[in-house]
Protein chains: 2
Amino acid sequence: MDNQERLKRLAKEFSECQNALTAIGDQTRQSIIIAMLENPDEKGIRVGEITKYTNLSRPAVSHHLKVLKDAHFIGVHREGTKNYYYLDPTKSFVLRLKHLIENIETIMNEYYWDNPFGHKKDE
Amino acid sequence: MDNQERLKRLAKEFSECQNALTAIGDQTRQSIIIAMLENPDEKGIRVGEITKYTNLSRPAVSHHLKVLKDAHFIGVHREGTKNYYYLDPTKSFVLRLKHLIENIETIMNEYYWDNPFGHKKDE
DNA sequence: TAGCATGGTTCGTAGGATTCAACCATTCGA
DNA sequence: TCGAATGGTTGAATCCTACGAACCATGCTA
């Protein structure tokens, strides 16, 4: 695979991860994820608990949950009127992001193979 | 290290990576990074080239470069009035992000050790 | 020194994101 | 069936971000 092809793939991967990156780039959504990890004994965490945890209104929480869901970070499990949200057990977003980061790392390692200062001097 | 301590560290890591995540979550900045990788034969890429490459005004490019610089993605090298921007050769942002992702992965692996569906059923 | 090239900054604007009050839909229990 | 509980959605206000026109600062060159 030549370099141009590799960059093309990186660009594709970049744009595919856009949702995921902006999703976890937000502080509020980060704290929602933390809240989910802090309640591992349940089948999920309910919306009401998140509102208490984050001191946010329900519409706000609902909005952020939607963003996280669209980015495949979380899933829902309905039980009556109660909605249990849980982190995506397939971890698809983690795998995607991991792959992206590793890809960047690989390309940059090749990029700077001959110069520790980041710009090739010979030419 | 107990679980609570681990989550505390994750929260810290999360917030420390906030800048980096929003930095590369933006499409324009992604394309700027790609542009930099596509011009590996220079000691860096000049602002004017990026404006041509992205069809953006100089203020806009300048703004994005500042964001990328604050997130330690890139560095500058001044030469007269010319500013050469290059990807951070220490790759500090890559290492940070990589560590964050791996941390999330580890915690989630532990989180779901007994249930492939993401919510523990026994209780 | 005068003019030019390069690129940062300032400022105002447009669009998107975040938020809450209010409202609506669904389901459970009495 | 009626009321309470849960939580999605709508609409409007507010804030933040991206953007370009105009301007300013710096350094090269003639």
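We name chains A, B, ... by the order of the sequence lines, and we start the count at 1 in each one. Here the structure is a predicted model, which is why all the values come from computation and not from measurement. FYI, side chains are in, hydrogens and waters are out, and symmetry mates aren't considered; it's all heavy atoms of this structure.
Separating the OH atom of B/Tyr53 from the P atom of C/dG7 is a distance of 18 Å, rounded to the nearest angstrom. In this structure, the CZ atom of B/Arg78 is 8 Å from the C1' atom of C/dG7, given to the nearest Å. Rounded to an integer number of Å, the gap from CD of A/Glu49 to C1' of D/dT6 is 12 Å. The separation between B/Gln27 atom CD and C/dG16 atom P is 13 Å, rounded to whole Å. Distance, B/Leu65 CG to C/dG7 C1': 10 Å, rounded to whole Å. Atom OH in B/Tyr85 sits about 8 Å away from atom C1' in C/dG7, given to the nearest Å. Rounded to whole Å, atom P of C/dA5 lies 19 Å from atom CD of B/Glu79. Atoms CZ (B/Arg46) and C1' (D/dG27) sit 14 Å apart, rounded to a whole Å.
Shown here, D/dG27 is classed anti by the O4'-C1'-N9-C4 or O4'-C1'-N1-C2 angle, which is more than 90° from 0. Annotated as syn: D/dG8, whose O4'-C1'-N torsion sits within 90° of 0.
Close to C/dG7, at under 4.0 Å from its OP1 or OP2, lies no side-chain N or O of B/Tyr84. Phosphate contact (OP1/OP2 of D/dG7, side-chain N/O of A/Ser62, threshold under 4.0 Å): absent. One finds no side-chain N or O of B/Asn83 lying less than 4.0 angstrom from the OP1 or OP2 phosphate oxygen of C/dT6.
Using the Watson-Crick or G-U wobble rule with both distances under 3.5 Å, C/dG15 pairs with D/dC16. When Watson-Crick and G-U wobble pairs are counted only if both distances are under 3.5 Å, D/dG7 pairs with C/dC24. Within the shown strands, C/dA30 is the pairing partner of D/dT1 under the Watson-Crick or G-U definition, both distances less than 3.5 Å. Look at C/dG8: it lacks any Watson-Crick or wobble partner with both distances under 3.5 angstrom.
Between the B/Asp26 side chain and the B/Thr22 main chain, no donor and acceptor come within less than 3.5 Å of each other. A donor-acceptor pair is defined here as one N or O able to donate and one able to accept, closer than 3.5 Å; such a pair exists between the side chain of B/Glu49 and the backbone of B/Arg46. Under a 3.5 Å cut-off, the side chain of B/Arg78 and the backbone N or O of B/Asn83 do not form any donor-acceptor pair. In this structure, B/Arg96 contributes its side chain and B/Ala20 its backbone to no donor-acceptor pair below 3.5 Å.
Among C/dG7, C/dA5, C/dT26, the nucleotide with an atom closest to any side-chain atom of B/Thr81 is C/dA5.
For the pair B/Lys91 and A/Glu105, the salt-bridge criterion is not met [side-chain N within less than 4.0 Å of a carboxylate O].
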Got a list of protein N/O to nucleotides 18-23 of chain D N/O distances below 3.5 Å?
unit_1	atom_1	unit_2	atom_2	d
D/dA18	OP1	B/Arg29	NH1	3.0
D/dA18	OP1	B/Arg29	NH2	3.1
D/dA18	OP2	B/His63	NE2	2.5
D/dC19	OP2	B/His64	NE2	2.3
D/dG20	OP2	B/Ser57	N	2.8
D/dG20	OP2	B/Ser57	OG	2.7

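Side chains of B/Val76 and B/Tyr84 form no contact here, defined as non-hydrogen atoms less than 4.5 Å apart. Counting heavy atoms from C-beta on, the side chains of B/Ile33 and A/Leu10 never come closer than 4.5 Å. With contacts defined as side-chain heavy-atom distances shorter than 4.5 Å, the pair B/Ile50/B/His64 does not qualify.
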